[in-house]
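Worksheet: the structure to be examined is printed underneath.
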Amino acid sequence: QQPVQSPQAVILREGEDAVINCSSSKALYSVHWYRQKHGEAPVFLMILLKGGEQKGHDKISASFNEKKQQSSLYLTASQLSYSGTYFCGTNPRGGNKLVFGAGTILRVKS
Amino acid sequence: NAGVTQTPKFQVLKTGQSMTLQCAQDMNHNSMYWYRQDPGMGLRLIYYSASEGTTDKGEVPNGYNVSRLNKREFSLRLESAAPSQTSVYFCASSEAPQAFSNQPQHFGDGTRLSIL
């Protein structure tokens with residue numbers, strides 16, 4: 001039931017791009033994305049509610065493919081501040097709980 | 001603006017001891033949640049409260065109890081702590097019930113709990 005995130009970890013140099021994927025075995029109503037820096041609380045990035053919906057936040061954007069039951073987070077021209085662990089949280093149709101993936105560790109090097 | 005405040009930040013317990021983790025939010029949110037975070041497993045929901053006066057089990061409720069004291073406060077109690085409950089505990093709140101899931105969750109800074 002837990003969504004599967006890939007890759008588990010990625011290392012980038014500043015300015016490079018990355019894609020983090022989140023897949024579910026169940027149909028989804030929505031997908032949340034959060035970022036957590038080491039030793040800190042998770043911080044909300046964005047929510048996607050409709051199939052095909054794309055949202056952007058500075059150079060971080062996301063898409064939601066309802067038919068494929070998956071979402072992707074796109075980080076372009078990465079900055080050192082993007083380092084952290086990214087979590088997707090999914091809400092299956094008819095479900096009333098948000099289920100989080102295991103996380104993707106992103107490290108941006110100078 | 002404090003947001004979500006958790007106390008204590010750190011705690012060490014012996015097996016069999018009991019304790020209560022406190023959580024308070026000042027954003028007038030309806031829904032509150034308790035999660036535990038273990039290495040490589042993400043955030044797992046223990047209990048949640050969709051609104052004042054209601055509570056419901058999450059994925060991993062065994063060994064825990066909760067109380068929604070009022071709209072602001074949601075506490076988590078370990079009646080008889082076990083080493084398997086060593087974890088980082090996060091409290092979160094959101095404006096809308098999780099069932100609608102169109103509101104972000106705001107997290108506290110966490111409580112790091114070790115049980116020996």
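Worth saying up front: this structure is predicted, and the values here are computed from it rather than measured. Worth knowing before you read on, the calculation uses all heavy atoms, side chains too, and leaves out hydrogens, waters and symmetry mates. Throughout, protein chains are lettered first and strands after them, A, B, ... in sequence-line order, and every chain is numbered starting at 1.
At a cut-off of 3.5 Å, with distance as the only test, no side-chain donor of B:Y35 or B:E59 sits close to an acceptor on the other residue. Between the side chains of A:Y29 and A:T90, no donor-acceptor pair of N or O atoms lies under 3.5 Å. For the residue pair A:Y34/A:T85, the side-chain donor-acceptor check at 3.5 Å is not satisfied. A donor atom on one side chain and an acceptor atom on the other are found under 3.5 Å apart for A:S72 and A:N21.
Contact of A:Q8 with chain B is not made at all, since no heavy-atom distance falls under 4.5 Å. Interface remark: A:Q5 contributes no atoms to any contact with chain B (heavy atom separation under 4.5 Å).
Contacts from residues 5-25 of chain B to chain A, taken as heavy-atom pairs separated by less than 4.5 Å, involve no residues at all. Contacts with chain A (heavy atom to heavy atom, under 4.5 Å) involve no residue of residues 81-88 of chain B. Using non-hydrogen atoms only and a strict 4.5 Å limit, the part of residues 102-110 of chain A facing chain B consists of A:A102. Applying a 4.5 Å heavy-atom cutoff, the residues of residues 107-116 of chain B that approach chain A are B:F107, B:G108, B:D109, B:R112.
With a 6.0 Å radius and a threshold of 12 heavy atoms from other residues, nucleotides or ligands, A:K26 has its NZ atom at or below the threshold.
In the hydrophobic cluster analysis, where Ile, Leu, Val, Met, Phe, Trp and Tyr join through side-chain heavy atoms closer than 4.5 angstrom, A:I60 is grouped together with A:L12.
The aromatic rings of B:H106 and B:H29 lie tilted to each other, with the angle between the two planes from 30° to 60°.
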